[in-house]
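One structure is given below, encoded as structure tokens.
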Amino acid sequence: MPITKRPCSNCPFRCDGEGIPLEPGRIEGIVSGLLRDDQQTFVCHKTLDSSTQRMTCAGAIGVMSKLGRLPVIARLGLVYGVITTADIDASAAMVIDPTTLDLAQADIETE
């Protein structure tokens with residue numbers, strides 16, 4: 001699955017308040033799921049339409065990089081040149097600080 005280069009303009013992980021709102025606990029659930037299984041990915045909401053190719057969310061990759069836990073898809077993307085460390089660093093600068101999340105209370109699974 002390809003990876004977006006940067007979080008989109010309304011990525012739910014954005015730190016500038018421009019992200020689409022998710023149900024309470026959803027962000028924590030996504031991050032917790034990615035922490036539990038580094039083979040999981042989170043699909044960019046703009047690529048969920050069946051007429052487009054699904055892509056891994058750069059915002060989720062940025063959040064995980066802040067935790068020092070890149071998922072397998074990102075590590076493979078680096079190896080194959082799909083993304084660069086500069087892409088990941090730029091995405092990380094645009095997303096929330098995951099250390100402020102209450103991951104112990106996360107009860108919503110990733111999809």
Side-chain angles (χ1 to χ4, degrees):
M1 176 181 301
I3 303 169
T4 58
K5 297 280 185 179
R6 299 286 183 282
C8 59
S9 62
N10 62 346
C11 177
F13 296 102
R14 288 182 71 101
C15 63
D16 61 5
E18 296 298 317
I20 58 172
L22 299 180
E23 293 293 320
R26 181 69 176 128
I27 292 282
E28 291 83 356
I30 294 165
V31 174
S32 292
L34 292 171
L35 284 169
R36 275 192 304 277
D37 182 358
D38 70 351
Q39 293 183 34
Q40 291 292 318
T41 189
F42 185 73
V43 177
C44 173
H45 70 281
K46 288 192 174 179
T47 66
L48 288 173
D49 183 327
S50 62
S51 67
T52 60
Q53 181 180 17
R54 290 186 174 202
M55 298 182 78
T56 296
C57 173
I61 298 295
V63 168
M64 296 309 292
S65 75
K66 286 184 171 188
L67 293 170
R69 301 278 301 273
L70 286 179
V72 170
I73 191 76
R75 297 191 312 257
L76 287 171
L78 288 168
V79 168
Y80 287 104
V82 174
I83 57 171
T84 65
T85 55
D87 291 325
I88 294 173
D89 292 344
S91 292
M94 299 171 69
V95 297
I96 60 172
D97 177 1
T99 63
T100 64
L101 300 175
D102 187 2
L103 299 177
Q105 297 300 315
D107 60 354
I108 301 173
E109 295 293 322
T110 60
E111 294 180 12

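These numbers come from a predicted model, not from an experiment.
Scored by the side-chain contact (heavy atoms from CB on, under 4.5 Å) test, T84 finds A86, D87 as partners (sequence neighbours excluded). With sequence neighbours left out, the salt bridge (charged side-chain N to carboxylate O under 4.0 Å, His left out) criterion links D97 to no other residue.
Here the side chains of L34 and V63 are not in contact, with every heavy-atom distance at 4.5 Å or above. Using a 4.5 Å cut-off on side-chain heavy atoms (C-beta onward), S91 and I61 make no contact. Between P12 and I27 there is a side-chain heavy-atom pair separated by less than 4.5 Å. The shortest side-chain heavy-atom distance between S9 and K46 falls under the 4.5 Å cut-off. Looking at heavy atoms from C-beta onward, F13 lies out of side-chain contact with P7 at the 4.5 angstrom threshold. Proximity of V43 to M55: side-chain heavy atoms (C-beta onward) are nowhere separated by under 4.5 Å.
Residue T47 comes nearest to Q53 through the heavy atom pair CB-O, 3.3 Å, listed as atom of the first residue, atom of the second, then distance. In plain terms, the two heavy atoms of P98 and L67 that are nearest each other are CG-CG, 3.5 Å. What you find for L101 and E28 is that their closest heavy atoms are CD2-OE2, 3.7 Å. Contact record, R14 with I96: O-CG2, 3.6 Å, taken as the closest heavy-atom pair. The two residues C15 and A93 make their nearest non-hydrogen contact at SG-O, 4.0 Å.
Looking at T56, its side chain never comes within 3.5 Å of a backbone N or O of T4 through a donor-acceptor pair.
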Please lay out, stage by stage, how L35 and M64 fare under the test side chain to side chain contact (heavy atoms under 4.5 Å, CB included). CA-CA 8 Å; L35 284 169; M64 296 309 292; 3.6 Å; yes
Any chance you could lay out the side chain to side chain contact (heavy atoms under 4.5 Å, CB included) test for I83 and L78, step after step, and finish with the verdict? CA-CA 5 Å; I83 57 171; L78 288 168; 4.2 Å; yes
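Distance check: H45 NE2 to L22 CG gives 9.0 Å after rounding to the nearest 0.5 Å. Separating the CD atom in E18 from the SG atom in C11 is a distance of 12.0 Å, to the nearest 0.5 Å.
Pairs engaging residues 62-82 under the side-chain hydrogen bond (donor to acceptor under 3.5 Å, both in side chains) rule: D38-R75 [sequence neighbours left out].
Side-chain heavy atoms closer than 4.5 Å link hydrophobic residues (I, L, V, M, F, W, Y) into clusters, and following such links, even through other members, never connects M94 to I20.
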